[in-house]
Every structure is written in C-alpha cells, then in structure tokens.
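A short worksheet on the structure shown next.
The sequence lines fix the lettering, A, B, ..., with proteins before strands; numbering per chain opens at 1. Source: prediction; values computed, not measured.
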Amino acid sequence: MLRKSKLVSLALIAGVTSMGLGMVTPAHAADPVTITIWTFGDVIEPALVKDYKALHPEVTLQIKKSDLDPLNGTNMVTACTAGNGPDIAAVEVSYSGYWRSYPRCFTDLRTIKNSDGKSAKDIAGDYLPWRWAQGVGYDDSVIGIPTDVGGLEVAYRTDLFKKAGLPTDRAKVSALWPTWDKFIATGKKYMKSVSKADQKAGIGFMDSAGTIYSAVLNQGTTKYYQNDGTDTGKLVYATNPQVKKAWNTTISALDAGIGTRISQFTADWNVGMTKGTFAAILAPAWMMDYIKAQAPDTAGKWDIASMPGGGGNQGGTQLTIPASAKNKQAAWEFISWYLAPAQQLKVFKTYGLFPSTPSLYTDPALTGFNDPFFNNAPVGKIYAAGILKLKPIFEGKLNRAIDQAMGAGLGRVASKKQTATQSWTQVLSDLKKVTG
Amino acid sequence: MTAVLETGTSKERGVSKRPLNPWKPAKQAKEPKPVTRGIGSLNGKWGYLFIAPFFVMFLIFGLAPIIYSTYIAFFNWDPLNPGPQIFNGLDNFTNLLTDDRFWTALWNTLDIWAMSTFPQMAISIGLAAILRSKFLKGATFWRTILLIPNITSVIAIAIVFGQLFGRDFGMVNMVLGWVGIPHVDFIEGTTSSHIAIATMITWRWAGYNALIFLASMLAIPDELYESASLDGATGWQQFIYVTLPQLKNTITFVLIVGTIGGLQVFAEPLTLGGSMDGGSSRQFSTLTLFLYEQAFVNNKWGYAAAVGILITVIVLIVSLINFFITKKLAGEGSE
C-alpha cells in the first residue's frame, strides 16, 4: 500500500513536472542561449531571475547594471549607432519621448511572437493605456513593454500633523486638499504652528516644493509637445496652459514657504526624513521602500493620503529589444514572461513595485495589502485608485532637456537668485537655444 | 674602508644562499657593460617597431576621433538620423562664441582649476617634504596610503563629499556653525560650489602628485644639502633655495598634466549636482559637462563637437602659458 501510493505520487509529480515543462519550454529548449541585458537600479529583480532559470535551464541571463540611468541612456545611443546593443535594454521613462523618435533603433515587438504565439499586439490590453503609450514609437511600432508604475500619493507624518493641529486620519487628510490651492493652504496652516526658530532651522511642511511641478504637469494630457504625427511632435511648452499651471502652482508653494529647501535623494533628505524636518512627501509607490530603509525609526508614524488634483505618476521603465539584438526570440520570451501580470504580482509582493497591469488592481493580494510602517494604510487600494485616474500624456523628443531647464528655473526662484518672472523669461530664452 | 669591505663580504655570502635583491643592483655594477655593436646599429630600425604600438593606438583612438569630431562640428549632426546630415558651416562655432552658457562653463572651469591646482601643489610638495624626512617611521606605509584617494571611484568620492558639504546636516557646516558662521548652501552658491568641487579634486590628486614630487626630491644630490648646511642655511632656507629650484621640471610637468585634467573636470560636478546643467544658474557647469549636456540631453552633436574642439584649443593655450610661466619662475629661482 505504502509503496504503491509512493509510486503513484512519484509518477504524478513526474507527470506534472513534464507537463509543466512542456507547456512553457519553447521547442528549441535544448540549445543553450545567453541573453544580455543592460539595466539600472532594480528593474530586473533577482528573485524572478531565479524563477526564470528554473523554467528555462538553457537560458543564461547576463545582466549589466549602470550606476546611473543617464549612463544607460548614453550607452544606448552608441549601441544604436554602432549596432552592438544587448538583447534587452531597460529604458527609463524620461527617455521615452526621445526614443519614440527613433523606432528604428528597436525591434518592433508587434512582429515577434513568443512560444504562446503572442506578440505585443496580443498583450497590449493587459497594461494601463497611458503606461503602454510610453513604449510606442511615432510610427505606432511597439518598442518597449512597461515594467512597474510609479504612482504618486502623499506620504505624511501623523505625529507631526497632530502637533500642528491638523487631522491625522487619512480620509480626513485627503479631504483637506482636493485641489493644489488647498494643499498649499494646508501647508501654510502647518507652518503657522512651527516656531520662528524652527522655521529658521529649516523645518518645513513638505520636503521639496519643486516636486509639485512635475506632479501637476503629469495630471494633464499635454506637456511640452503636441502629437502631430511627426517623429518629434510639435513644441507647445511656451503656450500650453498645463505647463504654466504647473509652474505657477509651484511658484505659489515656494512663495508660501511650505517646503524645506532640501532636494530629494540627497544626504540632507535622508537625515530630514528621520528627524521630522518635513511632514509630507509626494511619494511614488517605489519610494515607500526607500523611506523604510532610510528612516526605520519612524515606523508607524507615516500614513498615505491621496494626491491633490487626483492621481499622479513618477518614474517607470520599459524593457526593449534593440534592433541589433542577437537573440531576439529568447529576449521576447523573457520579456513577455517577466512583465506578465503573474510575475508583476510577485514583484509587488516581494519588492513593493506597483504593477502596470490593471487586472491585478482587484486581486486580493493587492487590495488587501496594508503596510504597518504606514500606519496600516491600504496602500494597494490607495495607489491603484490614483493610477487609474491618469490619462495618456504625450512625451516629445527633448522632454528631458525641457524638464531640466524648468527645474533649473524653479531652483533659481527657490534660492532667491531671481524673481519668478525673471526666471520664466530666462527659461524661455534657454529653451530657444535647446530646441532651436 | 673596513665597513665597505664587510658589507661586501656579507653580500657575497648572501649570494650563495639566495638571489640578490633585484632592486639594488647599482652598487655591484661598477663597470659599465660593453654595448653589443650588432644590436646597436639596428637601433634605428627596431626602434620604430618598439614605439609602433603607441602610435598605432594613438592613430585609432586619438587622432581618428579628433578628425571625425572636427568633421561633425560643421554639421547639424544627429548620429541616429539615417538620412544625410545637414551641413551648417561655421554656425556651430559662431553660435558657441556668443553663447553665454559656454562662457559661464569656461569661467567655472578655470576658477575650479585655479582653486584646485595651486593649493594642491603646496600640499603635494609639503607632503613630499615630510615623506622625504629621514626621521619618518614606516615611510613605505605612508607612501602607499597616499595613493588610496586616487584609486577610489569618483562616484564614491562625490557621495561622501556631497554629505560633508550638505547644507542642513553636513559636517562642514556643522564645524562652521561652531565658530558662528551661518550655514552655507554649498551647491547653490558659485564660489562655494567651486570650493566643494576643488576640494574633491585636491583630495583625489594631492597624494598622487606628492609621490611624483617625492621621486624627484630623492634624486636631489645630498651634497647640495650638505654644502647648504655648511653655509649655515636653515631647513626652511634649504627647502626654498635647494629643493624648490631642483623641482623645476617636475613642477612644470605636474602643472601641465594637472591643467589638462583640470580643464576636463566632469564627474565631480555631475555627481555633486546630479544633473547635466551644473546647478540652477549653471554655477558649476564645466566645459566637459556642457559638452556632454549638448550631446546627450539636447541632442546637438555638432554643437558638442565644436565645444570639444574649443576645449582642445583652450588646453593648448593654457598649457603653453603654464609652460612659459613655470619655466621662467623656476629658472629665476635656480640662478
């Protein structure tokens, strides 16, 4: 009896395993293949690389990481010119407008099918439309598949809000600022409770008022370019009301003095997070892990409220297959597996990166995800709601350069080197040189 | 005499047991070895073969890119554009000469160069003088340790110095606070950001240059110091009238190499500010950072190439000025 059941179960295991392998392994399984990947940060997560190796023992993933995403971007330009790119390249979202103009540098993912017979056309519906659009070239070719989505909500310190006489409950806090004007007004109220000495020592309501700019800008549908079907798009930065609205909102936040003058991702920022130098951050989903790592002593003191003006996004990456890739088939097999909803769910559970596939937004693993560090806030639900509010926004060729000039302009106002009017005039004249 | 003889015998005894120290062959080789005629006469031809690797490499990786970038400087170049490039004559150069961003970058570069080079010279020569001292214990250890800043990654250095120079919680501001100086926003200010960058460069290169100075100090004959001290010169006078003039050529060398490197400062300002524009009012945008920004952010490759050519011209001019000034200064000292 015992022996028999053991045999049966053994046979069962063997059957299941071979079935499983048969289902996912492509026909040319036996040939060993090495996929080269250029990436940065933690776009390619180690736990999933392990999973893929178990599924495809014949595949070796050779991963090269850059310290900074600009360096990755630089390498991609030379790779396209010289035709010696990797099999897979991670492209950060701020480059999407640029690469959209050069689809010939990439493999059109609509023309390549994985072992399930699926090309990019067949999986497009799985992803958020605005996120998908960031990987589409001007000629409608699909050059990249979205990884996670940044999302953007307000992380705030309940203890500091309480001290300032503000509500601490996340629903009531969200109700404080349906609009950006109300958000700035709340900041002013907070600052009134801060003593003059503390204000002088650099205490503020939020970390960096400059972050308001891109948050407001991304809530619209047009940024610096309008889609006119050309490879670059038509420049509208000087006249687009959304740009001016983002600029003016940020200026009034700077004038109100609600931000510290600390820049994000600096040493001062890390220290300020622990010390309570600021009480609110416009935080993308992936920043939650950063806060936990930098300020472990503040566990339970944070909470998450929704964004003024409704929803927001910051960051994200596309996985692409450069035109010169040697193992396109294997690369597509990996990308279509790695970015499928099932794997994005695992990335969310393991690393906290928010999926770009909305079918997961109703998954209990996500809706039931509460974070004790953030006072048990239902972060899954909050971020999903904000992300779904966003509309596709057109990214043009020199978005990064224009972003940089706008950022510098706001920096000059923040450091009181120029008035807002002087700075705006200089931004426009700087941009003439950049786009001319 | 007897002492010399004794060391001689002990060394001879040593030979039978273990090989001679290869680093100290000079004392043994009293007679110059005869030069073999055959090889000597072939020197003319073989010499070319031996120096060929450098020149072949230089042609491929040095000269060819220079010619290529000179070529594209006359175009509105886009490397990813499959069609023909647009020729625009001297436009890139004339636009560049009227571009205030270029002049800002040039001024920043020269200022950072001056701030880092001259203190660095003083520190390096001072360190070398200390290392030369016969009373110093563990000289090899100290000499080795001087090289550590030089082999550290620039990005790591920038992260550490970025923390030191932080406006609110940086250690530099903490120390300034003790003496009653209000917090300085190092990154936002022009001079202050230059100080921060110059400090990074000095920290990285002072030790390396100290070793070069040390090597040339050790080559100064002891007789000069002996006669100087017989004449009653103090240690400081010996340093001024014996050591410094003897370092003439080394100072010229270090200055020229430092100038070429200093005019190409890139990683420090990039990592300090975290963006390509070198600060909100371009207060620490350097020439190479400006070049990089033009190519990789603004997609203006021809313009970037024109910047590159102007950098080469500037390096040449400054090196020549350097060369003549140091030669004159050091020459006066030795007379």
Side chain, backbone, both or neither: which part of B:Asn81 has a non-hydrogen atom closer than 4.5 Å to chain A? backbone

Enter the distance from B:Ser280:OG to A:Lys417:NZ here, rounded to the nearest 0.5 Å. 3.5 Å

Over 12 foreign heavy atoms within 6.0 Å of CE, B:Met174: yes

Is chain A contacted by the side chain of B:Asp78, its backbone, both, or neither, given a heavy-atom distance below 4.5 Å? side chain

Go through the atoms of A:Trp99 and report whether side chain, backbone, both or neither lie under 4.5 Å from a heavy atom of chain B. side chain

Just wondering, more than 12 heavy atoms not from B:Phe118 lying within 6.0 Å of its CZ? yes

Ion pair check, A:Arg261 and B:Glu188, cut-off under 4.0 Å: no

Between B:Gln294 and chain A, which part of the residue has a heavy atom less than 4.5 Å away: side chain, backbone, both or neither? neither

I want to check something: taking the side chain as every heavy atom from C-beta on, are A:Tyr98 and B:Leu80 in contact at a cut-off of under 4.5 Å? yes

Got a second to check how far B:Phe165's CZ is from A:Asp268's CG, nearest 0.5 Å? 13.0 Å

What do you reckon, is OH of A:Tyr290 surrounded by more than 12 foreign heavy atoms closer than 6.0 Å? yes

Take B:Trp301 and A:Val77 through the side-chain contact (heavy atoms from CB on, under 4.5 Å) test and state the conclusion after the steps. CA-CA 12 Å; B:Trp301 302 78; A:Val77 175; 3.6 Å; yes

What part of A:Thr81 lies closer than 4.5 angstrom to a heavy atom of chain B: side chain, backbone, both or neither? both

Check each atom of A:Leu410 against the heavy atoms of chain B and say whether the ones under 4.5 Å are side chain, backbone, both or neither. neither

Toward chain B, the part of A:Thr277 with a non-hydrogen atom under 4.5 Å: side chain

Pairs of heavy atoms under 4.5 Å with chain B: top-ranked of A:Lys275, A:Arg104, A:Gln418, A:Gln426: A:Arg104

Can you check side-chain contact (heavy atoms from CB on, under 4.5 Å) on A:Ser415 and B:Asp185, steps first, answer last? CA-CA 9 Å; A:Ser415 57; B:Asp185 192 344; 5.6 Å; no

Verify, without hydrogens or angle tests, whether B:Asp277 (side chain) and A:Ala405 (backbone) share a donor-acceptor contact under 3.5 angstrom. no

Any chance you could measure B:Tyr303, atom OH, to A:Lys433, atom NZ, to the nearest 0.5 Å? 7.5 Å

Checking the side chain of A:Arg412 only, and the main-chain atoms of B:Ser281 only, is there a donor and an acceptor separated by less than 3.5 Å? no

Looking at B:Arg282 and A:Asp430, is any side-chain nitrogen of the basic one under 4.0 Å from a carboxylate oxygen of the acidic one? no

With only heavy atoms counted, which part of A:Phe265 is less than 4.5 Å from chain B, the side chain, the backbone, both or neither? neither

At a 4.5 Å cut-off on heavy atoms, which part of A:Lys397 comes close to chain B: side chain, backbone, both, or neither? side chain

So, taking the atom named CG in B:Asn298 and the one named CD in A:Gln404, what distance separates them when rounded to the nearest 0.5 Å? 7.0 Å

Leading residue by heavy atom contact count with chain B [cutoff under 4.5 Å; candidates A:Thr260, A:Thr435, A:Asp231, A:Ile262]: A:Ile262

Would you please test A:Val434 and B:Arg101 for side-chain contact (heavy atoms from CB on, under 4.5 Å) and show each step? CA-CA 11 Å; A:Val434 172; B:Arg101 296 173 303 172; 4.1 Å; yes

Test of understanding: with salt bridge (Lys or Arg N to Asp or Glu O under 4.0 Å), list the residues that count as partners of B:Lys300, not counting sequence neighbours. none

